[in-house]
Structure formats: C-alpha cells, structure tokens
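Numbering starts at 1 and runs along the sequence shown.
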Amino acid sequence: MPSYPSPLIGYENAPPLPTGVNADGKSLKNNLGGPRSKAYDEFPDPLDKRNNGFDFHIYYMQAVPEQAEYARQLHERIRREFPEMRIYRFWDKPIGPHPAAMFEVNVFDPHMTGTLFSWLAVNRGPCSVLIHPNTGDAYRDHTELAIWMGTPWPLNTEMLKPRHRH
C-alpha cells in the first residue's frame, strides 16, 4: 500500500477546532475567521497548473444506439454550454486506455472543475464519467486518483505504466 503524507502538514501548531454544533444539530461550527483556502482559486500540488488540472472522460456504449445518440447530444451541449473548456472530438470506438467510446473535456481551474462536475452529476444521463487529475503520473492519475460518476469501466492501464515499473 502506498504511503501518504499527513493531510495536516502545515497545521501542526493550529489552535483547536471549535466543538460546537450548528442549529441543525448535526453539522459542526467551523467559522475559524481565517482566509479562504487557496484551493478555491488554484489547483493544489501536485496537479498540473500550467495546463489542465483534470480530465473528464464521458463514456457511452457505442453498440447501444440510444446511448450513442444521448452522448452525441451531450457532447454538443457541453460544447455550447462551456466553450471555454477544451473539448475533444467524439470518439465512436475505444481509444487509448479507455475501453469504450468516449469524449474528453479538460478543465483549467477549480471553478471549472466544480462547475462541470455538478453539471454532469445531473445531466450525464446513461453515460459514465471518469474524472482524473493530471499530476505527471498517468498510471496513478487513472487508477488511484481517479473518480467515477456512474458505472466504473475497467481501463487498460498497462499502457500507462512507466517502463521502469513492474
């Protein structure tokens, strides 16, 4: 199992968190009065800040005509709704490590990421969506760090492994 650095690095000497509960009786009071997190405006390390931080791969079953048509319409809608995002061609067959037909959308900041994520949550229809960061380690990005909406698909990750990995 990989080792992970503590998510509390940088907070070692922080004051204790409030222990009170909000009026709903469930959520914790958390107004610490400090500055807003930089992660709202820029991707955290090790995400690629020079290019796109995340890829969204929208998968569909190319042999199911209704899914293929929905995916084609979704592709067009995303191009119209989000012209500032990088949107790739509509593939009608598997490509690269992707086991099904798909199209890809790239986002360039946390606001775009959250916007496309929430929009796809309610508009993806029968399509599955692989969301992965771009850290410079394609294998890890597509496996350990990947997030799925809908049914996950098994990827052909062998081609993503660096040659020196076994």
What pairs with Pro110 under side chain to side chain contact (heavy atoms under 4.5 Å, CB included), at least two apart in sequence or on another chain? Phe43
Pair listing, salt bridge (charged side-chain N to carboxylate O under 4.0 Å, His left out) test, anchored in residues 86-110, at least two apart: none
Can you list the other members of the hydrophobic cluster that holds Tyr88, where links are side-chain heavy atoms under 4.5 angstrom apart? none
For Arg77, enumerate each residue passing the side-chain hydrogen bond (donor to acceptor under 3.5 Å, both in side chains) test, keeping only those at least two apart in sequence or located in another chain. Glu81
Applying salt bridge (charged side-chain N to carboxylate O under 4.0 Å, His left out), which residue pairs with at least one partner in residues 29-42 are found, sequence neighbours left out? Arg36-Asp41
side-chain hydrogen bond (donor to acceptor under 3.5 Å, both in side chains) partners for Thr157, two or more places apart: none
Can you list every salt bridge (charged side-chain N to carboxylate O under 4.0 Å, His left out) pair that touches residues 112-125, not counting sequence neighbours? none
Which residue pairs pass the side chain to side chain donor-acceptor pair (under 3.5 Å) test when at least one of the two sits in residues 112-121, sequence neighbours left out? none
Return all side-chain donor-acceptor pairs below 3.5 angstrom for residues 8-21, not counting sequence neighbours, or 'none' if the list is empty.
unit_1, atom_1, unit_2, atom_2, d
Glu12, OE1, Gly10, N, 2.9
Glu12, OE2, Gly10, N, 3.3

With Asn22, which residues qualify under side-chain hydrogen bond (donor to acceptor under 3.5 Å, both in side chains), at least two apart? Ser27
How is the hydrophobic cluster of Val64 composed, in terms of its other members, when Ile, Leu, Val, Met, Phe, Trp and Tyr link through side-chain heavy atoms under 4.5 Å apart, directly or indirectly? Tyr59, Met61, Trp91, Ile95, Met102, Leu130, Trp148, Trp153, Leu155
Sequence neighbours left out, what pairs pass salt bridge (charged side-chain N to carboxylate O under 4.0 Å, His left out) with at least one residue falling in residues 54-69? none
